[in-house]
There are 2 protein chains.
Amino acid sequence: MPGTEDTTPRGATIYSVAAAAGVSIATVSRVVAGSTVVSETTRTKVLAAMDSLDYLPSGAARSLAVRQHDTHGLVLPELNGPYYAELLVGFETRAAQLQQSVMVVIANSKADRAAAVRKLATRVDGIAMLGSDSVHLARSPKPVVIIAGETQPGAEAVAAENVESATKLTEHLLNHGRTNLLFLGAIDRAADVRERYQGFVAAHMARDLVPAQPVAVEFREHAGAGIADRILSGDLTADALFCGNDEIALAVMTRLIDGGVDVPADIAVVGWDDVMTSRYVRPGLTTVRQPVQQLGAVAADRLHELVHGANFRLERQILPSELVIRSSCGCPPPHSQPATPAKVGQHQNRPRGIR
Amino acid sequence: MPGTEDTTPRGATIYSVAAAAGVSIATVSRVVAGSTVVSETTRTKVLAAMDSLDYLPSGAARSLAVRQHDTHGLVLPELNGPYYAELLVGFETRAAQLQQSVMVVIANSKADRAAAVRKLATRVDGIAMLGSDSVHLARSPKPVVIIAGETQPGAEAVAAENVESATKLTEHLLNHGRTNLLFLGAIDRAADVRERYQGFVAAHMARDLVPAQPVAVEFREHAGAGIADRILSGDLTADALFCGNDEIALAVMTRLIDGGVDVPADIAVVGWDDVMTSRYVRPGLTTVRQPVQQLGAVAADRLHELVHGANFRLERQILPSELVIRSSCGCPPPHSQPATPAKVGQHQNRPRGIR
DNA sequence: TTGTATGCGTTATCAC
DNA sequence: GTGATAACGCATACAA
């Protein structure tokens, strides 16, 4: 049917604005790129044309031409919770400063992750991945940085410090006179939990004590309650619980209290992460705070450098964690029970007496 | 310098695998696309070539060719907290099911958002944006769906129900015999808070009561503590506090309790969002749960349809919220104080006596 | 079933 | 200063 025009407006391209402005596409490209060589008068013409045509450059075309995506990939496990949000904020913020976009994908199973990574690699310059117990990323075509996981052949790793803090935390419990500590968490899933257990073991060894085997628990609240029930029923015995993260610590502790046990008098409980709830609950949960946001930022940073030719760092970068002593470990509660959060950045530690 | 080769390996392209497999690029493209027409023997050849060359397609080139990014954009404000993580999970998961990648950008100021949106629009097919009090997105070249905000000319909106739930919650407080309710939250920032105040007002009107003006507070914990101090000092008076979100509700309530007031006997406190802390704190915080994850999923869904030619929906889609009655409102605490979270999806409401 | 040729919208290298 | 024009890596209509 002659004369029938395509009705779907295809959007302005560099060609249409060039035509509208009466210049070549090269010139348009120059003003878009902010090149200083173009004369003021033509620049104005071009700008006007772009505006009237509502011109929007094609990122794909640009990427193809410059052979670079200018975007970072971020692979996260499905778990929600504040941890991931913070990590994303740190990562995205730093990436943005570096003029990089960020593409995120959430994957759970190893299979999902592998597939996700391959697809992602198609549209980014590099990939940051939370947790290393993940893809066998041999021959990964793009730079990879692993967050909170172990270093791997083709990748670089950044993580929050675990072993030392776990050791300190365990010692703290031991110093409180506890003799039967239990470690709650599955050490075969994630490297960071494994490292926390290492610290747990190390502290025992240092005193010629024999550490208990870890009790595998999912990092979900209901799992924590389950453990508490086993303790209440006498199936499990302990006078101190070292929990792999705050969620289960909170769940266990609360259920224990509901079940009539006195925390921390009968059983001390400590966690990991310092989630918001930990400072609101009574007794306040003793835990460890990780520099999560900074972790994301550093990952974005390293990734950017790798993409731009930097060499892989042989050993992973460790960011310091910080013990947050409250009262679930046996320390006396502060007299005024200040529930208001301390300003972040200030030390919240207030070790007392013991240790 | 003749004979000097470029040492940086440029990565395999469709051309190199075609050559290696002894076929044309069209054929390679076909097997990559999973076309069924190609013979089994050649497919194997191509697959082998791809594998040995470690071929990774260029997403940019593909996007350019098909004139589509197959990517959804998501614009978030900087605030962290579980809300955003959940939203992201819902959005990404649904997008993935639709074969779409997702690019996220975090922006705070209006200026940031405007800039971010324009840059984003360059690499995605459509944009979802949390909150509408944002960009004047006139002539936005790509489809936009607004999450938890008001509908706008060029966009579609999805949101959790606010007014009705806020009305109910207010009525609940009124039914408890409270006569001096205060609304805590800045209604000039976000549409959803505005709507909650509307419900607050509506409930008052229905009883010929005159609602108090909203007390502007930032949604940060320290701000909540500040309000509590004003109440403790007598600067502010109330027997019930309707807080714009759980963070400030928690902060206010805790500080109030530390200051010696009996919550809820002296002052009732309710919040919004049902964060984890709300079910751990004592008294349990009465609040409202929004289908955040679903909100993200619906946004991704609608965006996808808009991108593929669907018409804008004139009125926004409202997802139902749910009252979560605990005891900070004045209701008696459950006898067993079950802190374990109810399975999500089950009704957690247990209204009693009153209303 | 497979190959050829063209277009997708930029950037960048040359000339002019 | 500005304008041709060749990549960039893929999809696809059309031939064969």
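The sequence lines fix the lettering, A, B, ..., with proteins before strands; numbering per chain opens at 1. Only a predicted model underlies this, so the values are computations on that prediction, with no experimental measurement involved.
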### Message
For A/Gly131 versus A/Arg113, what's the shortest heavy-atom pair and its separation?
### Response
O-NH2, 3.3 Å
### Message
Using the salt bridge (Lys or Arg N to Asp or Glu O under 4.0 Å) criterion, which residues pair with A/Arg302? Sequence neighbours excluded.
### Response
A/Glu156, A/Glu305
### Query
Just how far is it from atom CD of B/Gln290 to atom CG of B/Asn162, taken to the nearest 0.5 Å?
6.0 Å
### Phosphate OP1/OP2 of D/dC10 contacted by B/Ser29 side-chain N/O (<4.0 Å)
no
### Message
Using a strict heavy-atom distance below 4.0 Å, which residues from residues 58-71 of chain A are in contact with DNA chain D?
### Response
A/Leu64, A/Ala65, A/Arg67
Can you check nucleotides 2-6 of chain D for protein contacts, nitrogen or oxygen pairs under 3.5 Å, and list what you find?
| residue | atom | partner | partner atom | Å |
| --- | --- | --- | --- | --- |
| D/dT2 | OP1 | A/Ser39 | OG | 3.1 |
| D/dT2 | OP1 | A/Thr42 | OG1 | 3.3 |
| D/dT2 | OP2 | A/Ser39 | N | 2.9 |
| D/dT2 | OP2 | A/Thr42 | OG1 | 2.9 |
| D/dG3 | OP2 | A/Ser24 | N | 3.1 |
| D/dG3 | OP2 | A/Ser24 | OG | 3.3 |
| D/dG3 | OP2 | A/Thr27 | OG1 | 2.6 |
| D/dG3 | N7 | A/Arg30 | NH2 | 3.2 |
| D/dG3 | O6 | A/Arg30 | NH2 | 2.7 |

### Task
Consider only side-chain N and O atoms of B/Ser63 and A/Arg123, and report whether a donor and an acceptor are under 3.5 Å apart.
yes
## Note on the structure
On a heavy-atom basis, the closest approach of B/Leu306 and B/Asn311 is CD2-O, 3.7 Å
### Message
Consider side chain to side chain contact (heavy atoms under 4.5 Å, CB included). Of A/Ile147, A/Val105, A/Leu303, A/Leu130, which one does A/Leu74 pass it with?
### Response
A/Ile147
### Summary
In short, B/Ala191 meets B/Glu150 closest at the heavy-atom pair CB-CG, 3.8 Å
## Note on the structure
Closest non-hydrogen contact found for A/Asp125 with A/Asp70 is OD2-N, 2.7 Å
